[in-house]
Amino acid sequence: MNIVSLSQELKGSSYPGRGIVLGRSEDGSKAVAAYFIMGRSENSRNRVFVTDGRGIRTQAFDPSKLTDPSLIIYAPVRVMGNKTIVTNGDQTDTIYDLMRQGKTFEEALRTRTFEPDGPNFTPRISGLMDFENGYDFWLSILKSDSGDPSSTLRQTFSYTNPKAGTGRFIHTYKDDGSPLPSFEGEPTLVDIKGGIDEFTDLVWTGLNEANKVSLFVRFINIATGSEETRIVNKNK
């Protein structure tokens, strides 16, 4: 697989939906995570990311305009010991709770399917970063089979000791459309450039201006576990 520019990949789609990037910094010392949300409806755009312990949650920017909290209010990021969970929905809590009971990442996700928002049937995308023995990560997507809600496709991708300056990018939709077409194939191999501020700016400016809502970025020192986090909200 050829590495592609993350900036160009983002700019190439007006509506990738929600997206996760996991990887490793250019100098090799940091694990990198990014999660962004986009929206086309007023309800979806009426959101911000806020910190919640070592994780984050979504919150209505203007509570008076919130019409339906299902599928848009959740905790995208939670931390469990030396593991960080990043997802696009309330399956974050499913993974957290079941892994605490001894289940694996994949076993936890076997209890979930795609979102019940036909005709799009938005995929659930999830990531797990594990620092128990160095740095490994997993990415998962749960999606309907070509828009058929009676059939669920479950794909998990595992990455051991990822290379410096590279990441994997997975998102809910291939592009804009009606209905919205689900992501296809293996997560895209992308470049990761610069420190946390440069990388945050690269992702934020790459997202479509009309549709982007919020961005979370975290750099985790693999040796020490220390964290740096950036949150960018369009609503201020």
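A ring-centre distance under 6.0 Å is found for His171 and Phe169. With ring centers used as reference points, Tyr35 lies 6.0 Å or more from Phe216.
A heavy-atom distance below 4.5 Å is not found between the side chains of Ser182 and Phe121. For the pair Asp148 and Ser146, the minimum side-chain heavy-atom distance is 4.5 Å or more. Within the 4.5 Å cutoff, the side chain of Phe137 has no heavy atoms near those of the Leu128 side chain. Residues Ile196 and Val32 fail the side-chain proximity criterion, which asks for heavy atoms closer than 4.5 Å. Leu189 has its side chain within reach of Thr166: a pair of non-hydrogen atoms, C-beta onward, lies under 4.5 Å apart. Counting heavy atoms from C-beta outward, Asp197 and Arg230 have side chains that approach closer than 4.5 Å. Looking at heavy atoms from C-beta onward, Leu142 lies out of side-chain contact with Leu153 at the 4.5 angstrom threshold. Annotation: side chain of Ile56 is not in contact with side chain of Val50 (no heavy-atom distance under 4.5 Å).
Across every non-hydrogen atom of Ile72 and Thr58, the tightest pair is O-OG1, 2.8 Å. Heavy atoms only, all atoms of each residue included: Leu71 and Pro116 are closest at CD2-CD, 4.1 Å. Shortest non-hydrogen contact noted between Pro119 and Pro179 is O-CB, 3.7 Å. Taking both residues in full, the closest heavy atoms of Gly127 and Ile20 are given as N-CD1, 4.0 Å, listed atom of the first, atom of the second, then distance. Looking at every heavy atom in both residues, Asn88 comes nearest to Ile125 through OD1-N, 2.9 Å. Minimum heavy-atom separation, Pro16 to Met38: CD-SD, 3.4 Å.
The closest side-chain donor-acceptor pair between Thr122 and Asn120, if any, does not fall under 3.5 angstrom. In summary, the side chains of Thr92 and Arg78 do not present any donor paired with an acceptor at a separation below 3.5 Å, with no hydrogens or angles considered. Neither side chain, Asn43 nor Ser41, offers a donor N or O lying under 3.5 Å from an acceptor on the other. Neither side chain, Thr87 nor Ser126, offers a donor N or O lying under 3.5 Å from an acceptor on the other. Remark: the Thr94 side chain and the Arg112 side chain contain an N/O donor-acceptor pair separated by less than 3.5 Å. For the residue pair Ser7 and Ser5, no side-chain donor N or O sits within less than 3.5 Å of a side-chain acceptor on the partner. Using modelled atom types, one finds a donor on one side chain and an acceptor on the other under 3.5 Å when comparing Ser25 with Asp27. If you check the side chains of Arg45 and Asn235, you find no donor sitting under 3.5 Å from an acceptor.
Under a hydrophobic clustering in which Ile, Leu, Val, Met, Phe, Trp and Tyr are joined whenever their side-chain heavy atoms come within less than 4.5 Å, directly or via other members, Ile170 and Ile192 fall into different clusters. Leu22 and Trp138 are not part of a single hydrophobic cluster, where members link through side-chain heavy atoms under 4.5 Å apart. Hydrophobic clustering, with ILVMFWY side chains joined whenever heavy atoms are under 4.5 angstrom apart, groups Ile220 together with Val86. Side-chain heavy atoms closer than 4.5 Å link hydrophobic residues (I, L, V, M, F, W, Y) into clusters, and following such links, even through other members, never connects Leu139 to Val190. Side-chain heavy atoms closer than 4.5 Å link hydrophobic residues (I, L, V, M, F, W, Y) into clusters, and following such links, even through other members, never connects Phe183 to Leu10.
Distance OG/Ser214 to CG/Leu207: 10.5 Å, rounded to 0.5 Å. Taking NZ of Lys143 as the start and OG of Ser151 as the end, the distance is 11.0 Å to the nearest 0.5 Å. Atom CZ in Phe36 sits 11.0 Å away from atom CG in Asn211 (nearest 0.5 Å). From Asp97, atom CG reaches atom CE of Met80 across 9.5 Å, with rounding to the nearest 0.5 Å. The structure places CZ of Arg24 at 11.0 Å from NZ of Lys30, a figure rounded to the nearest 0.5 Å. With rounding to the nearest 0.5 Å, the separation of CD1 in Ile141 from OG1 in Thr172 is 8.0 Å.
A donor-acceptor pair is defined here as one N or O able to donate and one able to accept, closer than 3.5 Å; no such pair exists between the side chain of Arg57 and the backbone of Tyr74. One N or O on the side chain of Lys212 and one on the backbone of Trp204 form a donor-acceptor pair closer than 3.5 Å. Without hydrogens or angle criteria, Tyr135 side chain to Gly23 main chain gives a donor-acceptor distance under 3.5 Å. Between the Asn46 side chain and the Asp62 main chain, a donor and an acceptor come within less than 3.5 Å of each other. Under the 3.5 Å distance criterion, the side-chain polar atoms of Ser144 are left unmatched by any main-chain donor or acceptor of Pro149.
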I would like to know whether Val217 and Thr229 meet side chain to side chain contact (heavy atoms under 4.5 Å, CB included); could you show each step before the answer? CA-CA 6 Å; Val217 173; Thr229 301; over 6 Å; no
When you look at Tyr15 and Tyr173, which way does the ring pair (Phe, Tyr, Trp, His ring centres under 6.0 Å) test go after all the steps? CA-CA 7 Å; Tyr15 200 66; Tyr173 310 124; 5.8 Å; yes
For Glu9 and Lys11, run salt bridge (Lys or Arg N to Asp or Glu O under 4.0 Å): C-alpha distance rounded to whole Å, both residues' side-chain angles, the deciding distance at 0.1 Å, then the answer. CA-CA 6 Å; Glu9 190 75 4; Lys11 291 175 181 177; over 6 Å; no
For Glu228 and Arg218, what are the C-alpha separation, side-chain angles and deciding distance, and is it a side chain to side chain contact (heavy atoms under 4.5 Å, CB included)? CA-CA 6 Å; Glu228 278 191 279; Arg218 177 166 290 170; over 6 Å; no
Lys163 and Glu26: salt bridge (Lys or Arg N to Asp or Glu O under 4.0 Å), yes or no, with the steps? CA-CA 9 Å; Lys163 293 182 179 180; Glu26 273 190 298; over 6 Å; no
Would you please test Leu109 and Glu106 for side chain to side chain contact (heavy atoms under 4.5 Å, CB included) and show each step? CA-CA 5 Å; Leu109 286 168; Glu106 288 183 89; 5.9 Å; no
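Among residue pairs with one or both ends in residues 116-141, those qualifying as salt bridge (Lys or Arg N to Asp or Glu O under 4.0 Å) are Lys83-Asp130, Lys83-Glu132, Asp90-Arg124; sequence neighbours excluded. Within the structure, salt bridge (Lys or Arg N to Asp or Glu O under 4.0 Å) pairs that include any residue of residues 171-188 comprise Arg40-Asp176, Arg168-Glu186, Lys174-Glu184 (at least two apart or interchain).
Between Asn233 and the options Val48, Val213, Leu215, a side chain to side chain contact (heavy atoms under 4.5 Å, CB included) holds for only Val48.
Under the salt bridge (Lys or Arg N to Asp or Glu O under 4.0 Å) criterion, Arg54 pairs with Glu227, not counting sequence neighbours.
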